[in-house]
Chemist: 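The structure that follows is given in the form of structure tokens.
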Amino acid sequence: MRLEIYRYDPESGAAPRMQSYTVEIRPGMMLRDALLEVKAGDETLAFRHSCGEGVCGSDGVNVNGRNRLACITPMAELREPVQVRPLPGRPVIRDLVVDMSTFYRHYREVKPYLEHRDPLPEQEIRQSPEERARLDGLYECILCGCCSTACPSFWWNPERFRGPQALLAAWRFLADSRDQATAERLEALEGPYRLFRCHSIMNCVDACPKGLNPTAAIARIKAEMLKESI
Amino acid sequence: MTRLASGLRAWTWQRLSGLWLALFTPVLLWRLLWAPPADYPAWHGWVARPAITLGLILYLAALCMHAWVGGRDILMDYVSHPGARLALLGGLAAVLIACALGGLGILYRI
């Protein structure tokens with residue numbers, strides 16, 4: 001099967017190019033396996049990967065125009081030639097490796113941890129099954145970046161728009177019954193850019209390899225903000 | 001900038017204006033396409049009804065507000081140069097104010 005892989009080394013001064021490789025496909029082979037075979041024959045190819053099980057979120061790439069995790073993308077499902085590019089909208093460090101520092105900064109900015117103001121109990125802070133269920137579809141995010149780098153609003157305003165991943169994380173803590181910083185969290189998202197650059201394009205929903213729905217989470221934040229302001 | 005262009009306020013106005021546009025547009029379409037006034041006096045009489053006049057004034061305001069928030073969103077997304085963005089926002093505001101005043105002038109003369 002033929003792969004066309006984006007190659008670029010900014011330090012070399014040469015323009016980016018697509019390089020063709022041929023890989024023998026095995027049953028059950030994932031794109032990550034194919035990239036590892038390519039790398040075995042051409043060790044200059046750079047890409048991130050780690051767990052190989054869709055858990056660590058390291059190997060997000062753009063495959064035939066869609067952001068996916070290479071380790072859980074079966075080669076058998078892909079149209080030939082398989083075009084593999086870096087996640088869009090981020091500066092390329094080399095080949096398929098992009099600079100995700102802005103993405104992580106937005107994640108840090110939403111304070112992705114519980115803020116509990118009351119004195120902590122002796123044991124755990126209890127939740128009812130219903131309260132715990134509100135976190136389903138939110139906590140599973142693995143920070144692969146497939147959603148935010150598929151979002152046109154994040155492409156246009158990467159420094160100021162938080163992006164779907166960080167906003168999903170923001171709602172995950174707003175929705176948590178144990179968190180007591182709702183007002184501060186909502187205040188931190190007010191303004192024309194951080195939250196309200198989302199126009200419900202829903203590329204994030206299409207791209208998320210875990211099947212999560214950042215657009216719905218963003219809508220819940222807006223509704224909560226409206227409720228708090230009345 | 002943040003207070004003037006508050007995200008929540010703009011978003012809320014966009015939804016409220018969109019709601020009125022969605023409700024009143026079918027009324028206008030029905031009257032103008034399926035039961036059009038036979039002549040100018042008939043049209044004048046319909047528009048001069050207080051409920052219709054009020055509906056049209058609100059429609060005009062909602063249309064301009066909706067267009068302002070939508071246009072502002074587009075300019076915030078696609079025009080990064082502050083000077084160019086400010087000039088285009090000013091131009092958009094001028095066009096919308098002119099349209100609103102023109103529309104109100106027509107309704108006032110009725």
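Naming convention: chains lettered A, B, ... in sequence-line order (proteins, then strands); numbering from 1 in each chain.
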Chemist: Where along residues 134-159 of chain A does a heavy atom come under 4.5 Å of chain B, listed by residue number?
Modeler: A:W156, A:N157
Chemist: Return the minimal non-hydrogen interatomic distance between B:S6 and A:E190, and the atom names on each side.
Modeler: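 The answer is OG-OE2, 2.7 Å.
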Chemist: Got more than 12 heavy atoms from elsewhere within 6.0 Å of CZ, A:R79?
Modeler: no
Chemist: What distance separates B:L8 CG from A:L226 CG, expressed to the nearest 0.5 Å?
Modeler: 5.5 Å
Chemist: With a 6.0 Å cut-off (strictly less than), is the heavy-atom count around CD of A:E11, excluding the residue itself, greater than 12?
Modeler: no
Chemist: Do any side-chain atoms of residues 52-61 of chain B form donor-acceptor pairs under 3.5 angstrom with protein atoms, and if so which ones, sequence neighbours left out?
Modeler:
residue, atom, partner, partner atom, Å
B:T53, OG1, B:V47, O, 2.6
B:T53, OG1, B:R49, O, 3.0
B:Y59, OH, B:T25, OG1, 2.8

Chemist: For the residue pair B:D77 and A:H199, what are the closest heavy atoms and their distance?
Modeler: OD2-NE2, 2.8 Å
Chemist: Are more than 12 heavy atoms, taken from residues, nucleotides or ligands other than A:E80, located less than 6.0 Å from that residue's CD atom?
Modeler: yes
Chemist: Select one option (side chain, backbone, both, neither) describing which atoms of A:L195 are under 4.5 Å from chain B's heavy atoms.
Modeler: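 Contact with chain B is absent: no heavy atom of A:L195 under 4.5 Å.
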Chemist: Quick one: are B:R72 and A:P192 in side-chain contact, heavy atoms under 4.5 Å?
Modeler: yes
Chemist: Got B:D73 and A:R197 here, is their nearest side-chain heavy-atom distance under 4.5 Å?
Modeler: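 Result yes, sub-4.5 Å side-chain heavy-atom pair found.
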Chemist: Is the OH atom of B:Y108 crowded by more than 12 outside heavy atoms at less than 6.0 Å?
Modeler: no
Chemist: Take atom NZ of A:K210 as the centre, draw a 6.0 Å sphere, and report whether it contains more than 12 heavy atoms from other residues, nucleotides or ligands.
Modeler: yes
Chemist: Applying the side-chain contact (heavy atoms from CB on, under 4.5 Å) criterion to B:M76, which one of A:Y193, A:F161, A:F196 satisfies it?
Modeler: A:Y193
